[in-house]
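These numbers come from the heavy atoms of this one structure, side chains and all, not from hydrogens, waters or symmetry mates.
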Amino acid sequence: MEEAAERGEEYIEESPQPRRKPNNDPEREERRKSKVPKALYDPEVRKQLEELKQHKPFFMYTVTILQIISMIAAIIINYSYVGHPFDSFSNNIMLGPNAGVLIHMGARFVPCMKQMDNARAKIYNVTICPLGIEGSIINTGGNLCNLSDLCGMGGIKEGEKPNQWIRFIAPIFLHAGIIHIFINLIFQIRTGIQMEKDFGTWRMMIIYMASGIFGFAFGADISYNKPSVGCSGALYGLLACLLLDLIQNWKLIVNPWNELVKMVIIIIISLGVGLLKFIDNFAHVGGFITGIFAGLIFMPTIIFGKWDLRRKRFLKVISVPILIGMFVWVFNSFYKQESNTCKWCKYVTCLPFDHGCDGL
């Protein structure tokens, strides 16, 4: 500095520049890596994920279109029967047709599906016709229907036992009203279509239909006097597969415990809503149970090692006889049991308050 002054030069002292941290900050990089599941660093897992195919959701599109067509047809039929498209709100809060139209179109209605025990059969030998159904007997009190009039779908010949087994399948494509189908299609379109893209058409079709059919068979003999429609049982089967998918692929989820808590809350709330009047919670519970075992059999899975492979194979193998046994049991109980002997089972679908379980 002194030498610079003697020469008449100005000396400027440079202050030391602070060091900048490199972009590859170890702490920041560690935080970034912590959000990626460790399983994704396994080359075998990455290979399996890369081999997964995306499928066209033909089944979900087809089912959704058929359900919309059936809803429009039910409204038109109701209009042709009674002169207006919807039943009164006091009878049908879902903004849809009356019960008679739904029964004629294939709703699950037990008196049309099997021979009832003597106490129940007396109710349906001769009964008041629902709105729009033309009775076979006319008297001063109005139209009276026999069982054939009430069931429709080709009727039931005199002396024959009712056996319209198609009512385990047809209700999946029917809905009680505009509100009902709107709620179901929100989940079916937003979730079901993506699931079919991931699972494949045949897997999705088997899980969906098996859950829907078992849902309508489960508890049918308890809620025998109420027509039931809707794809809710099938959708609960898909919900069970979502839960199963979360558990089976736990190592691929960023915050699995958070996702599990959210899903359990959704399941509890939705099953709780099923306890309200006008909702068949048996279909929900039956569909959910079926979805668990059908999912273990048909859902594609990622293998995270030898132990994981053995565990998933074992669950798949034991799920086959369990699922078959469930269907054998539910249909045997439905057709062989003359009357319901389970006194507490009705609380699956109703609350014992304000006459909520009357008639079950």
Side-chain angles (χ1 to χ4, degrees), residues 99-125 127 130 147 150-153 156 160-176 180 184 208-237 240 271 274-291 293-294 323-351 356-360:
V101 170
L102 296 175
I103 293 173
H104 265 204
M105 292 186 69
R108 189 208 68 192
F109 189 58
V110 176
C112 303
M113 302 169 71
K114 72 168 186 174
Q115 181 67 46
M116 307 294 290
D117 59 273
N118 293 332
R120 294 175 178 179
K122 291 178 182 178
I123 303 174
Y124 295 103
N125 283 339
T127 187
L147 189 58
L150 189 63
C151 295
M153 300 186 72
I156 299 170
E160 289 187 356
K161 294 181 179 180
N163 186 28
Q164 294 181 347
W165 55 267
I166 194 68
R167 292 179 182 272
F168 287 119
I169 303 172
I172 297 173
F173 303 95
L174 300 173
H175 286 83
H180 189 196
N184 280 351
Y208 186 95
M209 295 303 297
S211 299
I213 292 170
F214 188 89
F216 280 116
F218 184 67
D221 205 43
I222 298 174
S223 54
Y224 71 96
N225 60 343
K226 296 180 180 180
S228 180
V229 293
C231 63
S232 300
L235 297 184
Y236 270 82
L271 289 176
L275 295 172
L276 300 176
K277 291 182 179 180
F278 308 107
I279 299 178
D280 182 10
N281 213 30
F282 281 114
H284 298 173
V285 175
F288 187 85
I289 295 171
T290 307
F293 293 105
L323 187 61
I324 294 173
M326 282 169 51
F327 274 89
V328 171
W329 165 76
V330 77
F331 284 114
N332 183 68
S333 299
F334 178 78
Y335 283 109
K336 298 299 183 181
Q337 187 169 295
E338 294 187 356
S339 60
N340 171 40
T341 57
C342 180
K343 302 304 180 183
W344 60 266
C345 293
K346 60 184 179 181
Y347 298 118
V348 172
T349 193
C350 69
L351 292 171
C357 297
D358 289 354
L360 295 177

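Counting heavy atoms from C-beta outward, Met326 and Ile289 have side chains that approach closer than 4.5 Å. In this structure, the side chains of Asp221 and Ser333 stay at 4.5 Å or more apart for every pair of heavy atoms. Under the 4.5 Å side-chain criterion, counting only non-hydrogen atoms from C-beta, Gln115 is in contact with Pro162. The shortest distance between side-chain heavy atoms of Lys114 and Lys161 does not fall below 4.5 Å. Contact of the Trp329 side chain with the Phe334 side chain is not registered, since no non-hydrogen atoms from C-beta on lie closer than 4.5 Å. A 4.5 Å side-chain heavy-atom check between Gln164 and Ile156 finds at least one atom pair inside the cut-off. With contacts defined as side-chain heavy-atom distances shorter than 4.5 Å, the pair Arg167/Cys151 qualifies.
Note: Phe214 CZ to Thr290 OG1 = 4.5 Å, rounded to the nearest 0.5 Å. Taken from OG in Ser211 to CG in Leu235, the straight-line distance is 9.5 Å, to the nearest 0.5 Å. Distance check: Ile166 CD1 to Arg108 CZ gives 15.0 Å after rounding to the nearest 0.5 Å. We find the OG-CZ distance between Ser232 and Phe216 to be 7.5 Å, quoted to the nearest 0.5 Å.
Residues that satisfy the side chain to side chain contact (heavy atoms under 4.5 Å, CB included) test with Ala234, not counting sequence neighbours, are Tyr208. By the ring-ring contact (aromatic ring centres under 6.0 Å, His included) test, His284 pairs with Tyr236, sequence neighbours left out. Partners of His175 according to the side chain to side chain contact (heavy atoms under 4.5 Å, CB included) rule, which considers only residues two or more places apart in sequence or in another chain, are Gln67, Met71, His180, Ile181, Asn184, Cys231. With sequence neighbours left out, the side chain to side chain contact (heavy atoms under 4.5 Å, CB included) criterion links Ile213 to Phe168, Ile169, Ile172, Phe327, Phe331. With sequence neighbours excluded, no residue satisfies ring-ring contact (aromatic ring centres under 6.0 Å, His included) with Phe173. Residues forming a side-chain hydrogen bond (donor to acceptor under 3.5 Å, both in side chains) with Trp165 (at least two apart in sequence, or on another chain): none.
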Chi angles and distances behind the side chain to side chain contact (heavy atoms under 4.5 Å, CB included) call for Phe109, Leu150:
CA-CA 10 Å; Phe109 189 58; Leu150 189 63; 3.6 Å; yes
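With hydrogens and angles ignored, the 3.5 Å screen pairs no side-chain donor or acceptor of Asp280 with any backbone N or O of Val229.
Nearest heavy-atom pair across Pro227 and Ile103 is CB-CG1, 3.9 Å.
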